[in-house]
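From a predicted model like this one, the values you see are computed outputs, not experimental measurements. Note: hydrogens, waters and symmetry copies are ignored here, and every other heavy atom, side chains too, is used.
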Number of protein chains: 2
Amino acid sequence: MNPHVREPDEGAAESPGEATTSPLPPAPAEPAVLTARPTVKTVAALAGVSTTTVSRVLNYKADLLSDATKARVFEAARELNYKPNSMAIALRKKVSQTIGLMIPDISNPYFHQIARGAEDTAMKHGYTVIFCNTDRSASKELTYVDLLDEKRVDGVILTGGGVDGDTHLADRLHEQARVVAIGPHRLSYPSIGADDRGAIQAAVLHLVAGGRRRIACLGGQPGWLIHQERLAGYRAGLEESGITYDESLVMPSDLSIDGGQQAVESALRAGLSFDAIMSFSDYAALGAMRALKEAGLTIPDQVAIMGCDDSPLSQMVEPALSSITFPVWEFGSLATQMIVDMLNGRPVPASQVLPYQLRIRQSTAALRVLPS
Amino acid sequence: MNPHVREPDEGAAESPGEATTSPLPPAPAEPAVLTARPTVKTVAALAGVSTTTVSRVLNYKADLLSDATKARVFEAARELNYKPNSMAIALRKKVSQTIGLMIPDISNPYFHQIARGAEDTAMKHGYTVIFCNTDRSASKELTYVDLLDEKRVDGVILTGGGVDGDTHLADRLHEQARVVAIGPHRLSYPSIGADDRGAIQAAVLHLVAGGRRRIACLGGQPGWLIHQERLAGYRAGLEESGITYDESLVMPSDLSIDGGQQAVESALRAGLSFDAIMSFSDYAALGAMRALKEAGLTIPDQVAIMGCDDSPLSQMVEPALSSITFPVWEFGSLATQMIVDMLNGRPVPASQVLPYQLRIRQSTAALRVLPS
DNA sequence: TTGTAGGCGTTATCAT
DNA sequence: ATGATAACGCCTACAA
């Protein structure tokens, strides 16, 4: 019925907690008659001026207004608790002060950090943001794009799209709205992101420095651009270390916890051996850790493991998971800022790369050289 | 500068990853002239009918329209890629098909599950939701309420508000918009939530059944209604077990990871002793686990610990954290459903209580009775 | 079966 | 310094 509810742990449930609902007093029905909202007209009448004047006063237009009038208008507006109708304004001015944010899933720490960054910054500039959870489904994406278009959003931030053939959004948008993409993609919009390739490469070098030679790769789906980007970094890291790339060591997954666990389990079953895992997500890495532990492998002694994206979880598990951190809040914030800039006719760079940082924790501790 | 960026772990940073930005080709400037959007008028012209007809066809009004006309209009709309202007519609119909969601912080799993529930359900009914991250700040709440009011939202979902004096929102809203609250609050809106008191009480009983007698409480701020509710459950659980309530065992915190850690650290420094901790949030519990481990206390042997809200982290730490799970997605979904119902004049219950479930894991394993 | 006209709440243009 | 008026894009009586 609902895809977002976690399955209960095996046999862990207990005490179903008091029953359900309780239909108390059958609702306050229709709240009588709603007092009509005040409009410029109402305010004008009360202040004894024209609507034009009200509009001018409330919008701080030119100070060619008598102080007395200003005062009267403000007073009337206050008294009536007048709030301008943003939709009428949008209709008239042809800008909605609204930005759409397309996101695979707000439940993912990576993305809700982006969301916060976007929301905070949008708010600062007087913009409202509409969140669209696409679940990486092309049809949902299309539906949302149409919705955003009907809402006449001034701009759209694309996120996590980046699939081989993600051109389905290309013509639907643009024209009117300003678009910015976060992360790798195939569209011709300005973009912002990190050096994914370099980050993974650096991480691999770190593993090698710790004495690892057979480094497996726990990746995403081959079609995802972000996967391709990171895989390139993985290969570059190996090459730089003089290690031959072995395709059988690359395990695809959906980068979820369970996905990571399954991938590693089946790799182990298949008899694969490795002394390190380079994962393209913390979640998958966590799942991998589970699989390793269950297989009796010790971390980091027998297998080192490196995550990516630095989720809050990584510091809580044991051993603490090494990871790569990206300025995710800034991704969202900057994307919003760029849209605002474009809207104001200011030039924006076609692409921006923000710095990453390796976070070295215990899961990738160097191999101790045994006395022999 | 930005409050959402985690501090780097102590001395864990390394390799600052390529520098920053890269101002490439200086942006595609202004995208030439934007082709004007088609309107009903445009479509009507192309189809050779009146705007009325267009409107009727596109809104599937009565089938008293000739098939030929319908076809022509649809064709014209398709050809022009016509999308109705939702703001003009909202202005005319006086409904915005929009719902506001006030939430303390979307980063918290508890709340983003609510957000997903709300968003999914709103979308299903053709509504759009506007997220408002209040950070539990009264001033932000007020700002957002005004914003939502100007956006003429049809409904508002209040969340995590519940503070002693949260009546500041009371008069600002209502009148026009339908309001539903999730969780305890002091306002006269329909509400939905769980039996927080009963849940904590059951959890305490579980701890007692495991042989614990000195059960500390890791709570939130005294002013939060949710805290008061849960504290009552804590006391009820003790009382039912014949254990005297000891106020010194109640540790207030902000329920964050760090907050929980600090609270427990200072409790231990103060010489407090206990054989169990009942925490009002998983995050705080996680912090507490850290503090306990650093103090050399073993979990669950020396101290059992129980969380609340069942965040995804709880299953990943060691030992796995026992917790209480609430149907959070449903909270958001149901709240939205209620608003939609109210909007359609359907009656809704004044209050609804959804079931909780205890998730027993290793962190609250029963004390082994040592052979003596 | 289809068209005409007025108005939702605001702002911008042009007068005064 | 202030007002009358038109128009933004759409829907909906009311006509025909």
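Ion pairing of A:Asp146 with A:Lys151 is absent here, as no side-chain N (NZ or NE/NH1/NH2) approaches a carboxylate O to less than 4.0 Å. With respect to the salt-bridge test (charged N to carboxylate O, under 4.0 angstrom), the residues B:Asp67 and B:Arg72 do not qualify. B:Lys94 has no carboxylate O lying under 4.0 Å from a charged side-chain N of B:Asp154, or vice versa, which leaves the two without a salt bridge. Salt-bridge annotation for A:Asp135 and B:Arg116: present, with a side-chain N of the basic residue lying under 4.0 Å from a carboxylate O of the acidic one.
Rounding to whole angstrom units, NZ of residue B:Lys61 and P of C:dT1 are separated by 17 Å. As rounded to whole Å, 12 Å separates atom P of C:dT11 from atom CZ of A:Arg56. Atom-to-atom, OH of B:Tyr60 to P of C:dT1 comes out at 19 Å; the value is rounded to the nearest Å.
Between A:Thr69 and D:dT2 there is a side-chain N or O to OP1 or OP2 distance below 4.0 Å. Between A:Ser66 and the phosphate of D:dT2, there is a side-chain N or O to OP1/OP2 separation shorter than 4.0 Å. Remark: A:Thr52 is not in phosphate contact with D:dG3, judged by side-chain N or O atoms under 4.0 Å from OP1 or OP2.
Atoms CG and CD, on B:Asn133 and A:Glu119 in that order, are 4.5 Å from each other to the nearest 0.5 Å.
Between the side chain of A:Thr53 and the base of D:dA1, no donor-acceptor pair under 3.5 Å is found.
Counting only N and O atoms by type, the side chains of A:Ser50 and A:Thr53 include a donor and acceptor under 3.5 Å apart.
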Could you go over nucleotides 8-10 of chain D and give all protein N or O partners under 3.5 Å, atom names and distances?
unit_1, atom_1, unit_2, atom_2, d
D:dC8, O3', A:Lys94, NZ, 3.4
D:dG9, OP1, A:Lys94, NZ, 2.8
D:dG9, N2, B:Ala88, O, 3.4
D:dC10, OP1, B:Tyr82, OH, 2.5
D:dC10, OP1, B:Asn85, N, 3.1
D:dC10, OP2, B:Val40, N, 2.6

